[in-house]
Amino acid sequence: MRLSHYFLPTLKENPAEAQIASHRLMLRAGMVRQGAAGIYTWLPLGLRVLKKIEQIVREEQDRAGAIEVLMPTIQSADLWQESGRYEDYGKEMLRITDRHGRESLYGPTNEELITDIFRREVHSYKDLPKNLYHIQWKFRDEIRPRFGVMRGREFLMKDAYSFDLTAEDGVNSYNAMFVAYLRTFARLGLKAIPMRADTGPIGGDLSHEFLIIADTGESEVFFDKEFLTMEAPVDTPDSDAGLQKIVDTWTKPYAATEEMHDADKAAGAGELVSGRGIEVGHIFFFGDKYSKPMKASVQGPDGKPTNVQMGSYGIGVSRLVGGIIEASHDENGIIWPESVAPYKVGLMNLGAKSEDCTAACDTLYAELQAAGIEVLYDDTKDGAGAKFANMDLIGLPWQIALGPRGLKNGAVELKNRATGEKTEVATADIVKQLAA
RNA sequence: CGGGGAGUGGCGCAGCCUGGUAGCGCACCUGUUUUGGGAACAGGGGGUCGCAAGUUCGAAUCUUGUCUCCCCGACCA
């Protein structure tokens with residue numbers, strides 16, 4: 001993409017409304033603009049990151065056997081009255097009345113809707129297990145939205161729902177998601193720690209939150225130092241026992257959020273670290289909490305109807321954009337992990353008024369594209385300093401600087417954004433090196 | 001919802017106390033000179049000061065109301 005044809009409104013100064021790093025940097029890097037409190041427009045650069053995260057989440061859900069659907073944002077109040085949550089959910093739920101006076105709502109979550117789909121279509125234990133997910137915008141009318149997209153009112157979330165005949169099978173489905181989450185966060189370049197969690201309004205008795213550690217996290221967390229060196233599973237076991245083993249490994253060391261922290265239990269554990277955490281995923285197994293009131297049952301082998309055992313599994317996709325920045329930035333800007341970077345490399349023409357230099361940059365740009373490398377090409381007439389500063393701000397993993405000086409030597413300067421390391425690379429070799 | 005703060009060109013701010021021609025930096029436009037870490041000079045465009053009432057000869061400035069945004073707390077992917 002040529003910057004001269006792109007839409008990247010960066011800011012040199014810090015907007016007054018943004019307090020924390022990710023919010024500030026997302027505004028400055030031209031990723032988002034606020035519409036109302038906790039509601040954002042995603043500009044091109046931010047949208048690319050959002051889509052990349054979404055895709056990684058999707059791939060890992062698919063790998064774990066979940067099947068993608070897409071449920072609507074607007075739901076009828078009927079189903080919520082059936083589950084009893086229409087009253088329970090309170091003011092956080094945005095309620096809407098349509099022209100016919102029908103009570104509706106902008107979905108804050110989808111347990112009711114998916115349970116309704118399931119009960120209408122699935123009637124036999126032979127069709128189990130099933131895990132259906134979607135990636136959709138949600139709305140929760142938070143009392144106080146803050147921290148940009150990390151705590152917005154409108155947010156993009158992946159939510160999966162598992163259906164099993166027995167509680168034992170349900171735990172297997174839960175474990176499969178647990179492992180998928182470890183893999184997902186690792187691919188996003190994050191160190192996420194599973195912590196036993198309170199089940200809140202979703203309900204149930206088995207639940208883990210996945211938190212990434214960052215100074216600006218919303219809750220205080222305590223965890224065994226061991227987590228910092230644990231590696232996410234590379235292969236996904238295809239046996240229930242294999243899954244259980246991984247879950248056991250990851251739930252054995254002590255880890256708890258403030259509200260679940262038990263100083264006595266922690267005392268017997270390993271070397272404890274405390275810090276602040278950002279919740280990026282939350283999984284629940286809640287048995288028949290919804291299937292019972294909503295009569296979602298299948299016929300078992302014995303011919304008797306049985307309420308299905310359910311679990312639900314959320315990942316805050318839009319929150320992750322902010323979360324990744326919190327975990328990966330410096331004083332100059334964002335440092336994207338390569339897996340979610342909006343472009344892999346930024347090409348800067350430092351001699352935009354020289355025909356030779358521009359021709360060399362145009363050629364290199366075409367070659368990079370031909371090699372399938374995602375490149376943002378700063379072909380504007382801005383000064384060199386402004387180009388460097390902008391590239392650092394938007395945080396692409398690699399920067400190529402090509403100006404009159406390099407043109408003379410047949411070399412470009414390649415900079416690694418994360419390490420700051422700069423190397424001279426022969427222009428002829430640069431594409432090959434980046435493609436590797 | 002309780003407590004605190006703020007609304008003045010696109011962004012960051014000053015002016016308000018003590019009412020009297022709306023200002024600065026950045027950004028933007030034109031020209032000239034520059035050109036490897038946010039260039040220089042000259043010229044220029046853009047704001048009914050969140051909104052509404054009130055006080056006054058006169059309101060960005062004083063009074064009242066209202067809306068919005070931000071921060072702290074309780075709540076949350």
Side-chain angles (χ1 to χ4, degrees), chain A residues 9-20 23-24 27-28 30 33-39 57 89-93 107-110 135-160 181 192 197-202 207 209-212 218-219 257 259 277-284 312-323 332-333 348-354 357 378 380-393 399-409 411-413 415 420 422 424:
Chain A
T10 57
L11 303 172
K12 198 167 165 180
E13 292 179 271
N14 286 322
E17 80 252 26
Q19 300 298 318
I20 64 162
H23 190 194
R24 217 164 46 223
L27 290 168
R28 285 194 53 206
R33 287 294 182 262
Q34 185 172 103
I39 300 177
V57 169
Y89 221 94
K91 287 186 174 174
E92 227 179 73
M93 186 152 73
T109 179
N110 289 66
I135 299 173
Q136 177 64 293
W137 293 91
K138 308 280 190 294
F139 194 92
R140 294 184 189 169
D141 200 356
E142 297 276 344
I143 299 167
R144 183 154 92 86
R146 61 186 122 170
F147 303 150
V149 300
M150 295 232 292
R151 183 69 179 285
R153 291 193 292 169
E154 187 181 55
F155 57 97
L156 187 63
M157 178 176 168
K158 183 283 300 181
D159 41 327
Y181 275 36
D198 190 15
T199 53
I202 311 260
S207 177
E209 291 178 339
F210 289 75
L211 292 101
I212 56 176
E218 290 195 73
S219 43
T257 57
E259 50 277 13
I278 300 168
E279 186 184 351
V280 289
H282 201 157
I283 60 179
F284 304 84
S312 77
Y313 316 91
I315 290 182
V317 176
S318 51
R319 168 178 286 188
L320 275 164
V321 179
N332 295 320
M348 288 173 277
N349 180 359
L350 299 186
K353 288 179 186 167
S354 142
C357 192
D378 189 343
T380 65
K381 304 268 192 278
D382 289 345
K387 290 187 178 182
F388 282 120
N390 246 315
M391 278 298 172
D392 283 348
L393 174 62
Q399 299 173 10
I400 298 173
L402 177 50
R405 201 172 75 194
L407 194 63
K408 223 178 297 172
N409 312 329
V412 298
E413 183 185 274
K415 176 175 150 182
K422 296 175 193 171
E424 290 282 309

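In the text below, chain A, chain B and the rest are named by the order of the sequence lines, each starting its count at 1.
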Once you apply the 3.5 Å cut-off to both distances, tell me the Watson-Crick or G-U wobble partner of B/rA42, or none. B/rU30
Would you indicate which nucleotide in B/rG37, B/rC70, B/rC76 comes nearest to any side-chain atom of A/Glu413? B/rG37
Rounded off to whole Å, could you give me the CD-to-C1' distance for the A/Glu142 and B/rC76 pair? 5 Å
Relative to the 5' end of RNA chain B, which residue comes earlier, A/Gly316 or A/Asn14, by the nucleotide with the nearest heavy atom? A/Asn14
Can you tell me, in whole Å, how much space there is between the C1' of B/rG45 and that of B/rC29? 7 Å
Tell me whether the ring of A/Phe155 lies stacked over the B/rA77 base, given a 5.5 Å limit on centroids and a 30° limit on the plane angle. yes
State, to 0.1 Å, how close A/Leu393 and A/Leu11 come at their nearest heavy-atom pair, and which atoms those are. CD2-O, 4.1 Å
Side-chain heavy-atom pair A/Asn349, A/Cys357 within 4.5 angstrom cut-off: yes
Mind calculating the distance between NE2 (A/His23) and C1' (B/rC71) to the nearest angstrom? 13 Å
Side chains of A/Arg319 and A/Phe147 in contact at under 4.5 Å (non-hydrogen atoms): no
To the nearest Å, give me how far apart CG (A/Leu350) and P (B/rA39) are. 13 Å
Relative to the 5' end of RNA chain B, which residue comes earlier, A/Val412 or A/Gly314, by the nucleotide with the nearest heavy atom? A/Val412
Does any non-hydrogen side-chain atom of A/Met348 lie less than 4.5 Å from one of A/Lys415? no
Counting heavy atoms from C-beta on, name the nucleotide in B/rG38, B/rA77, B/rG12 closest to the side chain of A/Ala16. B/rG12
Any side-chain heavy-atom pair from A/Lys138 and A/Asp159 closer than 4.5 angstrom? yes
Between A/Gly323 and A/Met150, which heavy-atom pair has the shortest distance, and what is it? N-SD, 3.5 Å
Which one is paired to B/rG9, where only Watson-Crick or G-U wobble pairs with both distances under 3.5 angstrom count? none
Base, sugar-phosphate alone, or nothing: which one does A/Gly403 contact when heavy atoms must sit under 4.0 Å apart? base
What's the gap between B/rU68 and B/rG50 when it is taken at their P atoms, as a whole Å value? 16 Å
Assess the residue pair A/Ile20 and A/Arg146 against the criterion (side chain to side chain contact (heavy atoms under 4.5 Å, CB included)); give the C-alpha distance rounded to whole Å, side-chain angles, the decisive distance to 0.1 Å, and a yes or no. CA-CA 9 Å; A/Ile20 64 162; A/Arg146 61 186 122 170; over 6 Å; no
Can you check the A/Asn390 CG to B/rA39 P distance for me, whole Å? 11 Å
So A/Met93 and A/Arg140, do their side chains get closer than 4.5 Å, heavy atoms only? no
If we take the C1' atom in both B/rC49 and B/rA59, what is their distance in whole Å? 11 Å
Nearest-nucleotide pick for A/Phe284, side chain only, options being B/rA77, B/rG38, B/rC76: B/rA77
Under a 3.5 Å limit on both distances, the Watson-Crick or wobble mate of B/rG73 is B/rC1
From B/rG36, B/rC69, B/rC75, pick the nucleotide closest to the side chain of A/Gln34? B/rC69
Give the nucleotide from the list B/rG37, B/rG38, B/rG36 with an atom nearest to the side chain of A/Lys415. B/rG37
Considering every strand shown, what is the Watson-Crick or G-U wobble mate of B/rG54 when both distances are under 3.5 Å? B/rC62
P atom, B/rU61 versus B/rU48: distance in rounded Å? 15 Å
Find every protein N or O atom lying less than 3.5 Å from an N or O atom of nucleotides 72-74 of chain B, and list the pairs.
residue : atom : partner  : partner atom : Å
B/rC72  : OP2  : A/Arg144 : NH1          : 3.2
B/rC72  : OP2  : A/Arg144 : NH2          : 2.7
B/rC72  : N4   : A/Arg144 : NE           : 3.4

Contacts under 3.5 Å, N or O only, protein and nucleotides 25-33 of chain B:
residue : atom : partner : partner atom : Å
B/rG25  : N2   : A/Glu13 : OE1          : 2.8

Which atom names give the shortest non-hydrogen contact between A/Arg153 and A/Ala37, and what distance separates them? NE-O, 2.8 Å
Gap in Å between the two P atoms, one belonging to B/rG7 and one to B/rG43, rounded: 32 Å
Give A/Gly38 one of three labels, base, sugar-phosphate or nothing, depending on what nucleic acid heavy atoms sit under 4.0 Å from its own. nothing
Using a heavy-atom cut-off of under 4.0 Å over every strand shown, decide if A/Ala389 touches base, sugar-phosphate, or nothing. base
What interatomic distance, in whole Å, is found between P of B/rC26 and the corresponding atom of B/rG2? 43 Å
Taking atom P in both B/rC75 and B/rC69, compute the distance separating them and give it to the nearest angstrom. 23 Å
Starting at atom OH of A/Tyr181, determine the distance to atom P of B/rA77, rounded to an integer number of angstrom. 12 Å
For atom P, what is the distance between B/rC11 and B/rC16, given to the nearest Å? 23 Å
I want to verify a distance call: between B/rG36, B/rG37, B/rC75, whose nearest atom is closest to the A/Arg405 side chain? B/rG36
Looking at every non-hydrogen atom in both residues, tell me the closest pair between A/Gly152 and A/Glu142 and how far apart they are. O-CG, 4.0 Å
A/Gln19 CD to B/rA6 P, in whole Å, measures 14 Å
What about A/Asp392, does its side chain sit under 3.5 Å from the base of B/rG37 through a donor-acceptor pair? yes
If B/rU21 has a Watson-Crick or G-U wobble mate with both distances under 3.5 Å, name it; if not, just say none. none
Partner nucleotide, any strand, of B/rU48 [Watson-Crick/G-U, under 3.5 Å]: none
Partner set under salt bridge (charged side-chain N to carboxylate O under 4.0 Å, His left out) for A/Lys158, not counting sequence neighbours: none
Show me the protein contacts with nucleotides 40-47 of chain B, counting only N or O atoms at under 3.5 Å.
none

For A/Phe210, all residues meeting ring pair (Phe, Tyr, Trp, His ring centres under 6.0 Å), sequence neighbours excluded: A/Phe178, A/Tyr181, A/Phe185
Nearest whole Å is fine: how far is B/rA77 C1' from A/Ile315 CD1? 10 Å
Under 4.0 angstrom, heavy atoms only, what part of the nucleic acid is A/Arg33 near: base, sugar-phosphate, or nothing? nothing
Here the distance between atom C1' of B/rG2 and atom NZ of A/Lys91, to the nearest Å, is 14 Å
Does a side-chain heavy-atom distance below 4.5 Å link A/Asn14 with A/Arg28? yes
So, for A/Pro404 and A/Gly351, which heavy atoms are closest and what is the spacing to 0.1 Å? CD-CA, 4.0 Å
Who are the side chain to side chain contact (heavy atoms under 4.5 Å, CB included) partners of A/Glu17, not counting sequence neighbours? A/Pro15, A/His23, A/Leu27
For A/Gly90, report the nucleic acid contact type (base, sugar-phosphate, nothing); a contact means any heavy atom under 4.0 Å. nothing
Quick one: does A/Ser219's side chain get under 4.5 Å of A/Glu209's, heavy atoms only? no
Does A/Arg24 make a side-chain donor-acceptor contact with the base of B/rG12, cut-off 3.5 Å? no
